[in-house]
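These notes concern the structure reproduced below.
As the structure is a prediction and not an experimental result, all values here were calculated from the model. Sequence positions, counted from 1, serve as the residue numbers for this chain.
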Amino acid sequence: MNIQQIPLLTLITIAACTLVSLAEEPAPEKGFDKKLSLQGLTFHVKCPNQGSLNKLTITPAGLEGENNAIVIEVDGSVTDAEVGDLDANGFPEIYVYVSLDGSGSYGSLVAYAANQKKSLTEIFLPDLGEDKANSKGYMGHDQFAVGEGSLLRRFPLYKLGDSNAKPTGKTRQLQYKLMAGEAGWLLKIDKVIEY
């Protein structure tokens, strides 16, 4: 039997069933899921990235103490995560980069340091808005990276009258060093470069 011998109603039914089965296929997930390892520790970072508020889960493995997952709510979506040892003490840190939804794509950081591989302590990144000199011309679009023993944060600079979509200034890069603070770890600006 060839296609010309199949009744038209049967062909329509086959086509309709095919369309229904295609519609029922689940949409690909847009969530973030990444495993990172350094110096005997592994961090599994997961975030659904659905909507403006998301549940970020960081699950460590290899700590001498408990390896309980850290679950926090973040404002925005996770764009990437990296491990590093910025203070070169032999114990890694996990850095998770978050970007707000919307035209500004303002960046934020969630980070933890492994304390002698026994537990995790939060790393604090000071609010850029409180730094009058380095926030001048800032309107979001942050990019973070671990490199050269520092946390690098770069963003375009906006001049007066620039729209959020078209910055006309240079790019500013802030390089942070990891320092021990009174109640945990702190990222402190070590160098500022504009190009």
Side-chain angles (χ1 to χ4, degrees), residues 32 34 36-39 41 43 45-47 49 52-54 56-58 60 70 72-115 120-195:
F32 184 86
K34 190 173 186 180
L36 302 140
S37 297
L38 184 65
Q39 298 162 327
L41 292 183
F43 301 94
V45 181
K46 290 183 78 171
C47 188
N49 285 352
S52 57
L53 293 176
N54 284 285
L56 167 64
T57 305
I58 303 171
I70 296 169
I72 61 169
E73 189 173 75
V74 293
D75 192 0
S77 298
V78 172
T79 57
D80 203 0
E82 294 183 280
V83 289
D85 184 6
L86 301 190
D87 57 358
N89 68 356
F91 307 112
E93 308 96 33
I94 177 75
Y95 298 92
V96 181
Y97 313 135
V98 180
S99 181
L100 277 172
D101 294 333
S103 62
S105 300
Y106 290 92
S108 63
L109 176 76
V110 176
Y112 292 89
N115 298 311
L120 297 179
T121 301
E122 191 171 1
I123 298 172
F124 296 97
L125 177 67
D127 182 358
L128 185 58
E130 295 175 9
D131 182 340
K132 291 196 191 289
N134 290 312
S135 65
K136 186 175 182 182
Y138 172 72
M139 288 178 65
H141 302 282
D142 304 80
Q143 294 177 329
F144 290 95
V146 170
E148 304 169 24
S150 301
L151 177 73
L152 309 175
R153 179 184 198 172
R154 64 181 70 96
F155 47 85
L157 296 176
Y158 290 79
K159 294 181 178 177
L160 195 61
D162 285 353
S163 72
N164 195 279
K166 295 203 180 222
T168 61
K170 295 181 176 183
T171 296
R172 181 173 295 140
Q173 178 173 289
L174 307 178
Q175 294 183 202
Y176 296 87
K177 291 291 184 190
L178 183 62
M179 319 283 274
E182 292 179 19
W185 295 93
L186 176 69
L187 288 161
K188 188 171 181 183
I189 293 177
D190 178 57
K191 192 186 232 182
V192 179
I193 301 169
E194 288 187 10
Y195 54 93

Any heavy-atom pair between the side chains of [Y] and [X] that's under 4.5 Å?
X	Y	value
L174	L128	yes
Y106	M139	yes
D80	F32	yes
W185	L86	no

So which atom in [X] and which in [Y] form the shortest heavy-atom distance, rounded to 0.1 Å?
X	Y	value
K159	G169	CE-CA, 4.1 Å
P156	G140	CD-O, 3.8 Å
L187	P126	O-CD, 3.1 Å
L120	A114	CD2-CA, 3.7 Å

Step-by-step side chain to side chain contact (heavy atoms under 4.5 Å, CB included) determination, F144 to R154: CA-CA 7 Å; F144 290 95; R154 64 181 70 96; over 6 Å; no
Can you tell me if [X] uses its side chain to pair, donor with acceptor, with the backbone of [Y] under 3.5 Å?
X	Y	answer
D87	M179	no
E82	V146	yes
N49	V78	yes
D85	G90	yes

Report the distance from atom [atom1] of [X] to atom [atom2] of [Y], rounding to the nearest 0.5 Å.
X	Y	atom1	atom2	value
L151	K177	CG	NZ	10.5 Å
F155	N134	CZ	CG	6.5 Å
L53	D75	CG	CG	5.5 Å
L109	R153	CG	CZ	8.5 Å
L36	I94	CG	CD1	5.0 Å
F43	L41	CZ	CG	5.0 Å

Would you indicate whether K188, at its atom NZ, is surrounded by more than 12 heavy atoms from other residues, nucleotides or ligands within a distance under 6.0 Å? no
Assess whether atom CG of L160 is packed by more than 12 heavy atoms of other residues, nucleotides or ligands within 6.0 Å.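 Count not over threshold, so no.
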Please lay out, stage by stage, how H141 and N164 fare under the test side chain to side chain contact (heavy atoms under 4.5 Å, CB included). CA-CA 9 Å; H141 302 282; N164 195 279; 2.7 Å; yes
Under a 3.5 Å threshold, yes or no: a donor from one side chain and an acceptor from the other, between [X] and [Y]?
X	Y	value
D162	T168	yes
D142	Y138	yes
Q143	Y97	no

Pair I70-V110, side chain to side chain contact (heavy atoms under 4.5 Å, CB included): steps then yes or no: CA-CA 11 Å; I70 296 169; V110 176; over 6 Å; no
After noting the C-alpha distance and the side-chain angles of D101 and S77, does the key distance pass the side chain to side chain contact (heavy atoms under 4.5 Å, CB included) rule? CA-CA 7 Å; D101 294 333; S77 298; 3.6 Å; yes
